[in-house]
Amino acid sequence: MGPIIPALSANLTQYQGLRVESIHYEGVEFDKSDRLTGELTQKVGEPFDADNVRQTTRRLFATGRYQNIAVRVVRNGDAVTLIFAGVARSYIGRIQINGVKEERLASLLEYGTQLNPGTAYSPAQLPAATEAVRQVLAQNGYYEPVVAVQTERDPVGNQVNVTYTVSVGPQARVGNIVISGTNPGISLATFRKKGKLKPKNKVTRETTSNALSNLRGVYQKQNRLEATLTLQKSTYDPATKRVNYEFQAEQGPVVKVLVDGIKISKSRLHLLVPIFEEGTIDNDLLNEGRFKIQDFMEQSGYSDAKVSFAVEGAASTTQTVRYTVDKGIKHKVVAVEVTGNKYFGSQLLVDRLAVHKADAYQRVGRYSTQLVKNDATNLEGLYRANGFNSAKVTSSIKDFDEAGGKNLKVARVAVTYTVVEGTQQKFGSVDLNGIDPSRKQVLSGLLGATPGQPFSLVQLSGDRDALLSWYVSNGFDQAKLEVKQTIEGEDKSKTDVAFNVIEGQQVFVGKVLESGVQHTRQSLVDQQTKVHAGDPLDQSALLETQRNLYNLALFNEVVAAVQNPDGDAEQKNVLLQITEAKRWDVTYGVGFEAQTGLPSRGIYSTAQGTTAAQQGKAGVSPRVSVDVSRINLRGTDNSLTLHTAYGLLEQIATLSFQDPHFRGNKNLALQISGGYTNVQDITTFAAKTLQADLRLTQKATRKDTFIYDFVYRRVEVDPNSLEISPDLIPQLSQPVRVGGPQVTWFHDTRTPSALDATKGSYTSVVDFYASSKVGSQTDFNRTDISNSTYYAFGKRKYVFARNTRVGFIANFGVNPNAGNAGCAGALVNTNASCNPIPLPERLYAGGATSHRGFPINGAGPRDLQTGYPVGGSGVFVNSLELRMPAPTLPVVGSSISFVVFHDMGNVFQQVSQIGPSFGRFHQPNVGTCKNLTGVNVSCNFNYFSHAIGLGARYATPVGPIRVDFSYNLNPPTYPVEPNSGVLNAPFVGTGSHFNFFFSIGQSF
């Protein structure tokens, strides 16, 4: 209903000139903070003016807060009282769907109502919204729902909450299928099978769309490119609770697309000729295909290629579209130059060109007449965006078919772009018009355009966006901005710029109306809320609030909206409608796990049985996992998670408490965890660990992260898995309690992403101190340092990547293995198994993200009897990679790139052995490792092992999929001496030369 505005008649004019002693508002309340009442044209204390009253009435109605409005005048002698009376407008509040268990369906129903929170409410909206709910349910297979709607008025903010209680009823199944048409070309059984329309299949939102898509694919495979398939109708049968469908299908003629003169893959042909995608044949599409084939030929080096097409058998059941290609002579782009340029450097311009000179990646270069035209246009656009309004770029192409009087097998093409820059425009005056003087200094500071600066359309666009962003962030949601450019009359090289602003009304936040908070502490929600009563209405702050609340991971839905968005009011309420997520969550999974470098059976005999070669084999096992999470602990963003997994390769059960914002600090996170793990990640042993960890993570800066841990763990090596000298098994399988502080520092400047960096660096330092003073049964300090750097170079962006890892352990106690028979005499220093550090706490190297010349954790010294790796107290590994840009390949395009790499280093029994080993390429005293007579007391592993290799990277949205093949140039030699009484004879083992790795992400 529109405003009720009194006509200008005697009933108003009779009060003309009388003093207005007071103004009252009935039906709509205005807070004292509301600026509107003080800005109305008819003011208290001033003479009554009929025109001012009429303007005031219109202004009040324009706020959007009235359904209708009228004015009454009460005379008190020589004064009057004005009363503006009306019916307050109501607004849509929360929309809630009850009775629907599936969250996705509930969201679809809520969206389907088209009832938007904050907008004006009318009871007339409900029938259409209810019908929309029924339609959404029917689209999802629910044809017999019971839908009840209930409204509840919330006086705070004049909101009307709408609740739908839905009983979805039975889900319909697929019923009868009828195929009409003169020649469908497909049987009913095949139609059902390919369309996944089998009887009794559940009807969902995607049933018909999937059927149409799948069946069109069937016709496409049969070359029925002009096949037509439509859904005529679908009918629900309440008696059978099934949906019967009728489809119209015509298979159309068989359409063959042939290309004469060249060989072209089927997949490439489908990309070039649009009739495959459009499903019809017409001259426009065929010409588009001709153009694309010609462009493809030109980019393949055949710049003289001619393409024509003809349609054969147009009226028959078999049609042939025949493209004829005359390749002409192959061309190679030998030169691409830009001349005449002064403002921009030649290399900068050449790098922006789509035409490329031939190189190792594009043997004939990249060239076509269309690319040349596009390049000229783009260069002109670049110059004009920087003030060269009269710039012209022309191209010239030189085609050499012969040299020295002889025809060339591969002709040569040279492309030259000639630039005529003209005069560069510069900024003249830069003015801000239409703004409030109090804001001029702030807004002027946002401008990048200054007098005398080279003129740039990019700069103007950025300044315009900056100004509008400021206005929107400060409550001027209706601000308008026009940029006017004028060339000066006296100096044609200068362009005066005027930013003409219409600010509009500044809008402030009236109230922040929150709802839906049940278990979450209000203080936590308030901390994330960036809009407050009395602030300018900042749309970006509203979005930030919504984002912050979602980031808490406590809410399924956060609706952030402005109430009365279309009203012209100076104060508007903000709605924050929160739907809390379930506090308990259980997830489970069943599958398989695989791990390389695990022992299998058959070669070497120990007290535990026979094992395979010391390089290890792959292991595969079923795996079951169950996770139970509890969020919103005590109304905060704290959580408790129980993670369990069981398989033959690993068993895990851990309980962790997370506080992602410790003491309300967004840069601090607290975690308390503990549990049991039984994992084998090295061929030599499997370790069982009971661990408790108190961890505080500090995000010091954007680049630096510190992690402070206090760890206790009871480590026990499974004696049945140990592959070391039998005399040492009882000693090294004893459980050991290890405890102490650990500090970790990360410094990360990698760009553009950690998974595929092209520049920057990454450094990590981890230091763990195990001390008997805090209850540890062993005393040592372990430091592990890693540094990676990335350098991009060359026009095609080669990346040289390096990773260096140095680790060392200092032992502070006596060697508990010194009295063991397996460590008697010189063995305590020469047999790496006698290292005083517990096996699981030693340093290891080898694998996909380490030294790729070894299997996982397979580098370093080995047990002198079994030949299995046992880790050490020192490690040095250096990896170099040359990551090459992706070439253009058939089928995959530029998705695959290649790397060549070199890894060197090793694990050492003692830290002091690292330095002298730098210059050792060959394993020293290898003859002693081949001594198989008696007990071998010496085998020197103190040298640097080198591996070279080739890798491939397949680009995916989650990071590159990595495959690496490595060849170890100098693998270790080691003795293997079985126990007495066993048929297997001693032998000399040698590490594998070849290794293969598969993973996601770069190696470092």
Side-chain angles (χ1 to χ4, degrees), residues 95-115 127-149 162-181 184 186-221 227-249 277 279 556-557 559 579 581-582 585-591 957:
I95 308 300
Q96 193 164 340
I97 307 294
N98 293 335
V100 178
K101 295 181 179 179
E102 186 183 350
E103 291 181 0
R104 176 177 174 273
L105 179 57
S107 297
L108 288 173
L109 294 175
E110 182 179 336
Y111 177 78
T113 63
Q114 295 298 302
L115 298 175
T130 304
E131 181 58 29
V133 168
R134 294 182 182 276
Q135 290 178 5
V136 172
L137 288 168
Q139 291 170 1
N140 286 270
Y142 300 101
Y143 286 83
E144 300 181 19
V146 177
V147 180
V149 61
V162 182
T163 301
Y164 283 91
T165 303
V166 179
S167 175
V168 296
Q171 189 170 10
R173 307 281 175 154
V174 175
N176 297 328
I177 304 294
V178 175
I179 309 172
S180 60
I186 189 171
S187 67
L188 178 59
T190 304
F191 194 95
R192 279 186 178 274
K193 181 179 179 181
K194 297 297 183 180
K196 301 188 183 302
L197 296 171
K198 297 180 180 179
K200 297 185 179 181
N201 278 4
K202 288 183 178 181
V203 174
T204 68
R205 187 181 181 88
E206 292 81 23
T207 295
T208 55
S209 60
N210 287 345
L212 293 171
S213 177
N214 293 339
L215 289 164
R216 288 186 182 118
V218 172
Y219 284 125
Q220 285 271 350
K221 290 180 180 179
T228 59
L229 179 65
T230 56
L231 174 65
Q232 296 295 100
K233 63 178 180 179
S234 60
T235 307
Y236 176 69
D237 184 357
T240 60
K241 292 181 172 50
R242 295 188 181 185
V243 179
N244 302 319
Y245 295 98
E246 182 178 336
F247 292 91
Q248 170 79 25
E277 182 179 355
N556 279 343
E557 185 180 23
V559 175
T579 303
K582 295 179 180 178
D585 184 50
V586 179
T587 59
Y588 54 88
V590 179

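Computation of the quantities below employed the complete heavy-atom set of this structure, encompassing side-chain atoms and omitting hydrogens, waters and symmetry-equivalent molecules.
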Interatomic distance, CG@N140 vs OG1@T207, rounded to 0.5 Å, equals 9.0 Å
Determine whether N556 and E103 satisfy the following criterion, side-chain contact (heavy atoms from CB on, under 4.5 Å), listing intermediate values before the conclusion.
CA-CA 9 Å; N556 279 343; E103 291 181 0; 3.4 Å; yes
Can you confirm whether I177 sits close enough to F191 that some side-chain heavy atom of one is under 4.5 Å from a side-chain heavy atom of the other? yes
key: Donor-acceptor contact present, side-chain N244 to main-chain N176, <3.5 Å   = yes
#### Entry: Derivation of the side-chain contact (heavy atoms from CB on, under 4.5 Å) call for L105 and L137
CA-CA 8 Å; L105 179 57; L137 288 168; 4.3 Å; yes
Query - Side-chain heavy atoms of V133 within contact of T113, under 4.5 Å - result: yes
Between P145 and R134, the two heavy atoms sitting closest are O-NH1, 3.7 Å
Requested in this report: Show your reasoning for whether salt bridge (Lys or Arg N to Asp or Glu O under 4.0 Å) applies to E206 and R104.
Outcome: CA-CA 14 Å; E206 292 81 23; R104 176 177 174 273; 3.1 Å; yes
Any side-chain heavy-atom pair of P238 and Y236 under 4.5 Å
yes
If we only count heavy atoms from C-beta on, is the Y142 to V166 side-chain gap below 4.5 Å? no
* To do: Could you check if a side-chain atom of E110 sits within less than 4.5 angstrom of a side-chain atom of Q96, using non-hydrogen atoms only?
  => no
Looking only at heavy atoms, the pair that brings P184 and G181 closest together is CD-O, 3.7 Å
By side-chain contact (heavy atoms from CB on, under 4.5 Å), A227 pairs with (sequence neighbours left out) Y219, R224
- Message: So Y111 and Q114, do their side chains get closer than 4.5 Å, heavy atoms only?
- Response: yes
Contacts of T240 meeting side chain to side chain donor-acceptor pair (under 3.5 Å) (sequence neighbours excluded), chain-then-number -> D237
So CG of L197 and CZ of R173: to nearest 0.5 Å the spacing works out to 14.0 Å
**Study point:** Residue E277 excluded, over 12 heavy atoms near CD under 6.0 Å
**Key:** no
OG1 (T190) and CG (L215) are apart, to the nearest 0.5 Å, by 10.0 Å
Separation between CG (L115) and OH (Y164), nearest 0.5 Å, reads 5.5 Å
R216 and L229 have their tightest heavy-atom pair at NH2-O, 2.9 Å
Distance col, row I179:CD1 vs S187:OG, nearest 0.5 angstrom, shows 7.5 Å
Just by modelled atom types, is the F247 backbone N or O under 3.5 Å from a matching donor or acceptor in the T230 side chain? no
d(I95 CD1, L109 CG) to nearest 0.5 Å is 12.5 Å
Shortest non-hydrogen pair, R242 vs V174, comes out as CD-O, 3.9 Å
Determine whether Q139 and L108 make a side-chain contact, defined as any pair of heavy atoms from C-beta on separated by less than 4.5 Å.
no
In short, G175 meets R192 closest at the heavy-atom pair O-NH2, 2.7 Å
Between A106 and V100, the two heavy atoms sitting closest are N-CG1, 3.9 Å
